[in-house]
Structure formats: C-alpha cells, structure tokens
Amino acid sequence: MIPQTPFYYYDTALLRATLAAIAKEVAPYPNYHVHYAMKANANPRLLEIIQQAGFGADCVSGGEVQRAIDAGFPADKIVYAGVGKSDWEILTALRNDIFCFNVESIPELQVINELAAKESKVARVCLRINPDVEAHTHAHIVTGMAENKFGIALKDLLHVVELTNELPNISFEGLHFHIGSQITDMQDYVALCERVNLIQNQLNQLNIYPSVINVGGGLGVDYQMPDLHPIADFNAYFQVFAQHLQLRPNQSLHFELGRAIVAQCGSLITRVLYVKQTDTKQFAIVDAGMTELIRPALYQAKHKIVNLTSRLDIQEKYDVVGPICESSDVFDKDLVLPVTQRGDILAIRSAGAYGESMASTYNCRSLPKSFTDKEVEISI
Ligand code: LLP
C-alpha cells in the first residue's frame, strides 16, 4: 500500500552505498574529514545513518547545530558557517564546544570573541575567504565570486588574521572556502586548489601557518540520468584535491558535501489528481507542489519524472504541475510520459537534497511526510 501522497521516499540502501563510496575514497588520506552539509536534508533518519557512518556535520544555523548534536554527531566534528549568526546561535555552538566557526566578517569575529569571553571559552575559527573563483553552475547557487555576500575578501585576509591574534578568545585555525553548488566541471575545483596554494604561499612567507583547510562542498549529481549515476564520481572529486592542493605537513583538509551525499537517495512521490486538456497543452496536475520541492520554481531545476503505475505503451506530452496558486508551480513542461491518468503515482527523482529541507507551508499546506525503503516498498 502506498501511503497518502505527497511524501518523500528515501532509499537508505543507496545512502549507505554512497557513504561507503566516500569512505573508500578518503581512506588513504587520514587527514581528510568529510562533514555532511545538513542544509541539504536534516531528516533525522538520514542524519542517524550519516552520523553512524562516521561523518561530521556542516551547519549554517543554531538550529542545525542543535539538530546535529541531537542526532549524535560528535561536537568536535561540527563546523558552523553563515554570514548572519545571531548571538543565541553563536552561544549554542560555543556551549557545545563545536570544532570550528567559519567566520565571514570582522564584526562577526568581534561578537564571537565577546560572547566566548563571557562563556570563558576560546572559539576556534576558520576564516571564510571569498576566493573569487567562478563555479560554472546556476547563478543563484554561485557563492565564491567577489560580488557574492559570502566570506572575507582576499585583500582583507592578512588584516583579519592579525586581528584574530589580537582577540584573546579567538583561536585562528585556518581557512574556509566554498565556491558553489551542483558543480560538475572538476576544473572549477582545480582552480580553487590553485587559488588556495597561492594564498598559503603568501601566508607562509609571513610565518602564518593555518592548520585547517576547508574547501566546502558543491559536488554535483546527475539529475538527467540518476539510474546511470546513482553515486557521484567521488574518486574524480577527491583526486583533484590529492593532486592539486599543496597541503602542508600536519594540515587537515575538510570537505562539506551535501547534495552529492543525499540527492539521489530521495524521490518525491506524488499522485496525479487530474489530467486537463487545453487547446495547446495537456496538464498532469499532481498533489505535490513547489511547497514540497521548490527547486524547479526557484532555479529552473529539472528533475527526472517517472510514472510508476502506468502500464500503457502509448506516450504523450504533459506539463506536470502542482496545485499551488503560482504560475511557477511547474515541475516540467512538454514531458513525454506513458499515458497518464488520475490516480497514477509519479516519482520526482533526485529530490533527496534541498527538497524536504526547503519545504514550506505556503497555502496552509502541511510539511511533507517521509518514508524509507524499510517502511514502504516502492520500486522506482
Ligand atoms: N558549504 C557551504 C558553506 C555551503 O554554502 C553549501 C551549500 C555547502 C557546503 C553544501 O553544498 P552542496 O555539497 O550541497 O552543493 N538550494 C540549492 C543549493 C544551495 C546550496 C547552498 N550552500 C539547490 O537546491 O540547488
């Protein structure tokens, strides 16, 4: 029996296989540490599996720090970034003794120093540097260009490192970078490595030796052919860093992967409510909308959509749309599907990352439920 739609379905066997593939690639490098970027999906059942596999957590809010702790991630494997950390969020992180704050501005550094002093703590910080390296991906998810709001400008780096030395409750640990998301061209990461090498050379000349280098996340997945590439090419990804990044002795290298860990294990399962014909179009109106998966509306993202129940050989074209009162509530246009009828079940694939975590209650809808392969049997 299929539960009440819409809901997220998570293939935990694929998640485990993905985590094992990452663990295998980093095994030769004991100084590599992978932190799961919780913003991609903070579903407690997935977090439990990721935590048990030995991964750390990458957080962007006090709520995520707390969720990571609750899920059992060791505090000394938690990193925390974000341009606008509130005082209570900083305090949550300080009181839990997280591994490191990724600090994005001088005023933030000063506030962390003050709050750490009040708590009689020394806050470990990495400085998030805006490397001005272009990632070839959607404009809304590019983060490492000079015009983006993230990070400290390269030209200010020395000044800020000096400032960390003057602030008694701050300990400078290293540098943090993140150039964007859904990156499929490994040359973008080569460019990042080369930029990091240059920065390190300059710092070393001034006797500044970061102990932590964090290169963020961003590795992309195959949205067009999820069955051909259910697991991202982690070998190619980690090899870029092994070959191009000149780590210093005793330096640790940190990664913050989100999408590549969870995207392919999730599908949004939805039911066709109506098929509506107009002069020019045929709409398959489904019971999931941009409230459950906002990526198509927000980034013009394309997710593969399959009809799980139609047994008909004839194919027709459909615009697959949701029930929300917004013209942008469209999952795909002119999509060829086997003849689709009221009651059919569709799977919107590769929705494990930035699906459930970006869901909203717009139009007074309920947040989506989720089930795993242990709870319901769905063959996708
Ligand atoms: N580290 C930092 C500092 C980040 O800002 C992000 C993502 C990550 C790590 C993880 O990136 P990933 O490995 O998942 O690409 N909602 C958008 C993606 C936003 C990404 C935000 N930052 C989407 O649905 O495509």
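Read the numbers this way: they start at 1 and go in the same order the structure lists the ligands and their atoms. The first residue of the sequence shown is numbered 1, and numbering continues consecutively from there. Keep in mind it's a predicted model, so treat the numbers as computed, not measured.
Using bins of under 30°, 30° to 60° and over 60° for the plane-to-plane angle, the ring pair Phe241/Phe255 lands in the perpendicular bin.
Atom OH of Tyr274 has 12 or fewer neighbouring heavy atoms from other residues, nucleotides or ligands inside a 6.0 Å radius. Heavy atoms of other residues, nucleotides or ligands lying less than 6.0 angstrom from CG of Asn201 number more than 12.
Close approach of ligand 1 to Gly218 (heavy-atom distance below 4.0 Å) involves ligand atoms 11 (O), 12 (P), 13 (O), 15 (O). Proximity to Glu256 (heavy-atom distance under 4.0 Å) selects the following atoms of ligand 1: 1 (N), 2 (C), 3 (C), 8 (C), 9 (C), 10 (C), 13 (O).
For the side chain to side chain donor-acceptor pair (under 3.5 Å) with Asn41, the lone residue among Tyr8, Tyr354, Tyr10 that qualifies is Tyr10.
Considering backbone and side-chain atoms alike, Ala37 places every N or O at 3.5 Å or more from each N or O of ligand 1. Taking only nitrogen or oxygen atoms, main chain and side chain alike, Ser181 reaches within less than 3.5 Å of ligand 1. Close N/O approach between His176 and ligand 1 is not found [any backbone or side-chain N/O within under 3.5 Å].
Under 4.0 angstrom from ligand 1, the non-hydrogen atoms of Asp58 all belong to its side chain.
In this structure, of Met358, Lys39, Gln182, Arg259, the residue bringing a heavy atom nearest to atom 25 (O) of ligand 1 is Arg259.
Taking the ring centre of Phe55 as origin, the terminal cationic atom of Lys77 falls outside the region bounded by 6.0 Å and 45° from the ring axis.
With contacts defined as side-chain heavy-atom distances shorter than 4.5 Å, the pair Asn214/Asn102 qualifies.
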